[in-house]
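To find a chain, count down the sequence lines: A is the first, B the second, and so on, and within it residues start at 1. Quantities reported herein were computed from a predicted structural model and do not represent experimental measurements. Excluded from the calculations below are hydrogen atoms, water molecules and symmetry mates; all remaining heavy atoms, backbone and side chain alike, are included.
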Amino acid sequence: MLSEKSLAEIARERAKYPADQARSVLLAALRIAQEEQGYLSDAVMEHIAGLLGIPAIQVYEAATFYSMYDLQPVGRHKLCVCGSVSCFLNGSDAVLQHLSERLGVSPGETTADGLFTLQEVECLGACKDAPMLQVGDHYYENLTQESLDALLAKLRGESDDVR
Amino acid sequence: MFVNGVTLQNRGLPDSHRLSVYAGTGGYGALRRVLLDSMAPDQIISEIKKSALRGRGGAGFPTGLKWSFMPKGVTGTKYLLCNADEGEPGTCKDRDIMRYEPHRLIEGMIIGAYAMGASTGYIFIRGEFVEPIHIVEGALEEAYAKGYLGQNILGTDFSFDLYVHRGAGAYICGEETALMEALEGKKGQPRFKPPFPASYGLYGQPTTINNVETFASVPSIMAKSGEWFLNLGKPNNGGTKIFSVTGHVQRPGNYEVPMGTPFKELLEMAGGLRPGRQLKAVIPGGTSTPMVGGEAMMAVTMDYDSIAKSGSALGAGSVIVIDDSVCIVKVVERIARFYMHESCGQCTPCREGMGWLWRVMHRLENGQGREEDLQLLLDVGSRIEGRTICALADGGVAPVVSSVRLFREEYEYHIRHKHCLVDGGAA
Ligand SMILES: Cc1cc2nc3c(=O)[nH]c(=O)nc-3n(C[C@H](O)[C@H](O)[C@H](O)COP(=O)(O)O)c2cc1C
Ligand code: SF4
Ligand code: FES
């Protein structure tokens, strides 16, 4: 179900917590599974429950509570545009609108080619570099229309760098 | 003025995140002295008390006093946690400390662990902060390699293990007991207090939790003395503080200045307003703190007491500057949406109330407001405040209620004319 590499990573994370606190590694296990498989299917969540020796309900609870977990497949690149107040004051609505137009999707939707999912999210803790967005592991800050277009071109060009 | 001199003092150096650079500027010197002189734990706590350092995570609780609550001579593990969940709109300082000064945070935690007898620690970093996570993990590896972490630190009988725990996306995990639940692999829902973490924290064990900036202030205090730190600021408001200045300023950024610095000077440092603009309002401490009118703010100095006098709070030092180009109703609607999204849902006044406040704000913003809506906002607010498990709900009420009081005319205009008084466009 999960690759050797993912299992080894989960085992490394497991070692951070006391022997009788297997559940503490749950958030890490879900992240690692999602990194490998793109999203969290019921099957992988049940697998993780078995792996940690905890009831599956505890896995679903966590997976549905936290915003970074995807329970459905998403585009290869998830564009998370911050729409909280400091970004809003610096034009985040225009960023969202520009991306919406360029990609032909509304926030919450995925492009037909499966490359991009557009999302508006709350504060990502980079408010001084507003407006900003996150794609994968990276923050892109002080966005302009030009830098957004350049970013889209770059992501289209190397569309296999994520996962 | 003493600027960027404590927790961000190495920010401008190349590779400031490396142990060699940190050590080259005296880093880990305080820890060495504490351990090699076998300083008494109580002596450390009393030095921190003297410094008047107060928690930089938002609540401003005196750090030395908090440390003194950790029970002595208990069996089992005592834990030390660092809150790096930074997620309140306008707050972006802990990220920079972790990116530029991870060793300062780590050294502060090791000194804290020694003072409180903690043997295990976790730095809870919000999951989106992938870059800071990697930097802090790299710094931990360096610190282990140098013998500052692990068994028998610097050859003494003090041992301390420190790990990064990644969050998974939820502002509420910044609340200290929700953070502990998340560390235990559960939904991040705050616990009832009491019991407080010092008696029942992570895994039910005695636990102390502090913010990144709080810990990062400790090495300088121990290197130079509590009195030195105190005197940088003013009585009861010791030291310097990072202010994240964002919004409508020309040079947004993190400015670490002495407590008591006039807001006017901070605004200048941040490049001032854009040409031709007037200061309309400031949220001085992050969106959970009440809004202050522009004119009143110009008379405030940046410290706990002065900001409290203006009717707001220093919070996490997240100064959101709002000029006259934007409609206040629109700004507050956006803030209200955050609290609706982020309520963890376990208290009815918060779960229902945050949504209610947003819906009323939303219809006001969209020209469907009614005359009685302003009173409704105040009434709903007063029925939420003080009736919930954690402070998220009060934080969601603050911007709404304060803005209705300050900008009533603008709200009324909105209701009568069904659109903004100003053209409402953001930058
Ligand atoms: C809803 C909510 C969110 C919070 N978020 C944070 C946060 O992101 N970072 C933080 O340090 N403190 C946050 N706090 C405050 C913590 O509960 C706690 O007071 C703090 O971590 C203690 O550290 P300090 O004394 O060093 O400030 C939050 C509190 C609440 C009620
Ligand atoms: S006040 Fe809101 S966020 Fe805090 S515990 Fe209650 S429902 Fe959760
Ligand atoms: S408001 Fe956008 S990163 Fe904080």
Side-chain angles (χ1 to χ4, degrees), chain A residues 12-13 15-18 20-32 34 52 54 58-70 80 82-95 120-132 134 136-139 141-142, chain B residues 77 86-96 120 122 126-131 134 161 163-171 173 182-189 203 244-248 252-254 283 287 318 320-323 326 330-331 334-335 337-338 341-342 344 399 425-427:
Chain A
R12 263 202 309 280
E13 290 288 326
K16 294 178 176 177
Y17 309 99
D20 57 348
Q21 299 292 347
R23 196 173 170 184
S24 276
V25 80
L26 176 56
L27 301 192
L30 289 170
R31 168 178 57 80
I32 292 162
Q34 178 165 304
L52 305 189
I54 61 177
Q58 297 185 349
V59 181
Y60 302 143
E61 250 181 33
T64 51
F65 185 82
Y66 295 101
S67 65
M68 290 178 74
Y69 300 127
D70 292 309
C80 301
C82 173
S84 289
V85 66
S86 302
C87 286
F88 164 74
L89 293 172
N90 284 290
S92 66
D93 283 1
V95 168
E120 186 175 12
V121 298
E122 298 291 353
C123 180
L124 289 167
C127 329
K128 71 186 173 64
D129 303 303
M132 60 81 62
Q134 177 171 31
D137 289 354
H138 299 287
Y139 278 16
E141 301 167 327
N142 301 302
Chain B
T77 307
E86 185 160 72
E88 180 162 323
T91 314
C92 53
K93 65 192 177 65
D94 299 337
R95 174 172 177 244
D96 273 4
T120 303
Y122 297 97
R126 65 178 296 176
E128 295 89 342
F129 277 175
V130 181
E131 182 202 9
H134 289 320
D161 280 308
Y163 309 98
V164 168
H165 179 96
R166 290 192 190 198
Y171 163 64
C173 291
L183 241 165
E184 294 177 3
K186 302 170 187 162
K187 291 187 286 184
Q189 292 189 314
Y203 308 130
S244 306
V245 187
T246 68
H248 290 151
N254 285 320
I283 303 178
T287 50
S318 322
I320 304 165
V321 176
I322 302 166
D323 73 20
V326 70
K330 198 168 184 160
V331 173
R334 188 56 63 102
I335 296 174
R337 188 185 74 180
F338 174 82
H341 276 170
E342 302 300 331
C344 84

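Under the 3.5 Å distance criterion, the side-chain polar atoms of Gln134(A) are matched with a main-chain donor or acceptor of Glu128(B). For Arg334(B) (side chain) and Gly83(A) (main-chain N/O), a donor-acceptor pair under 3.5 Å exists by modelled atom type. A donor-acceptor pair is defined here as one N or O able to donate and one able to accept, closer than 3.5 Å; such a pair exists between the side chain of Ser24(A) and the backbone of Leu183(B).
Of all heavy-atom pairs between Leu89(A) and His248(B), the closest is O-NE2, 3.1 Å. Of all the heavy atoms in Ser86(A) and Gly90(B), the pair that sits closest is OG-CA, 3.5 Å. Pro89(B) and Cys123(A) make their closest contact through CA-SG, 3.7 Å (heavy atoms, listed as atom of the first residue, atom of the second, distance). Here the closest heavy-atom approach between residue Cys92(B) and residue Gly125(A) is recorded as CB-O, 3.2 Å. Across all non-hydrogen atoms, the minimal contact from Ala170(B) to Tyr66(A) is CB-CD2, 3.9 Å. Asn90(A) and Gly247(B) make their closest contact through ND2-O, 3.3 Å (heavy atoms, listed as atom of the first residue, atom of the second, distance).
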Check your understanding: Does the pair Glu131(B) and Tyr139(A) meet the rule for a side-chain contact (heavy atoms from CB on, under 4.5 Å), with working shown?
Key -> CA-CA 9 Å; Glu131(B) 182 202 9; Tyr139(A) 278 16; over 6 Å; no

**Study point:** Check against side-chain contact (heavy atoms from CB on, under 4.5 Å), Lys93(B) and Lys128(A)
**Key:** CA-CA 9 Å; Lys93(B) 65 192 177 65; Lys128(A) 71 186 173 64; over 6 Å; no

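Residues Glu120(A) and Arg337(B) are in side-chain contact: their nearest non-hydrogen atoms beyond the backbone lie under 4.5 Å apart.
Both the backbone and the side chain of Leu124(A) have a heavy atom closer than 4.5 Å to some heavy atom of chain B. Residue Asp93(A) touches chain B through its side chain alone, counting heavy-atom pairs closer than 4.5 Å. Interface residue Asp129(A): only side-chain heavy atoms are found under 4.5 Å from chain B. Residue Ala126(A) touches chain B through both its backbone and its side chain, counting heavy-atom pairs closer than 4.5 Å.
Distance CD/Gln21(A) to OH/Tyr203(B): 5.0 Å, rounded to 0.5 Å. How far CZ of Arg166(B) is from CZ of Arg31(A): 3.5 Å, rounded to the nearest 0.5 Å.
For Tyr122(B), the ring-ring contact (aromatic ring centres under 6.0 Å, His included) test picks out Tyr17(A), Tyr163(B), with sequence neighbours left out.
Among Pro18(A), Cys80(A), Cys82(A), the residue with the largest count of heavy-atom pairs under 4.5 Å with chain B is Pro18(A). Of the residues considered (Gly87(B), Gly127(B), Gly188(B)), Gly188(B) shows the highest number of contacts with chain A, using heavy-atom pairs under 4.5 Å. Taking Val245(B), Thr287(B), Asn254(B) one by one and counting their heavy-atom pairs under 4.5 Å with chain A, the maximum is reached by Asn254(B). Interface summary for chain A: among Asp96(B), Thr120(B), Asp94(B), the most heavy-atom pairs under 4.5 angstrom belong to Asp96(B). Note: Lys186(B) leads Glu88(B), Lys186(B), Glu86(B), His134(B) in heavy-atom pairs under 4.5 Å with chain A.
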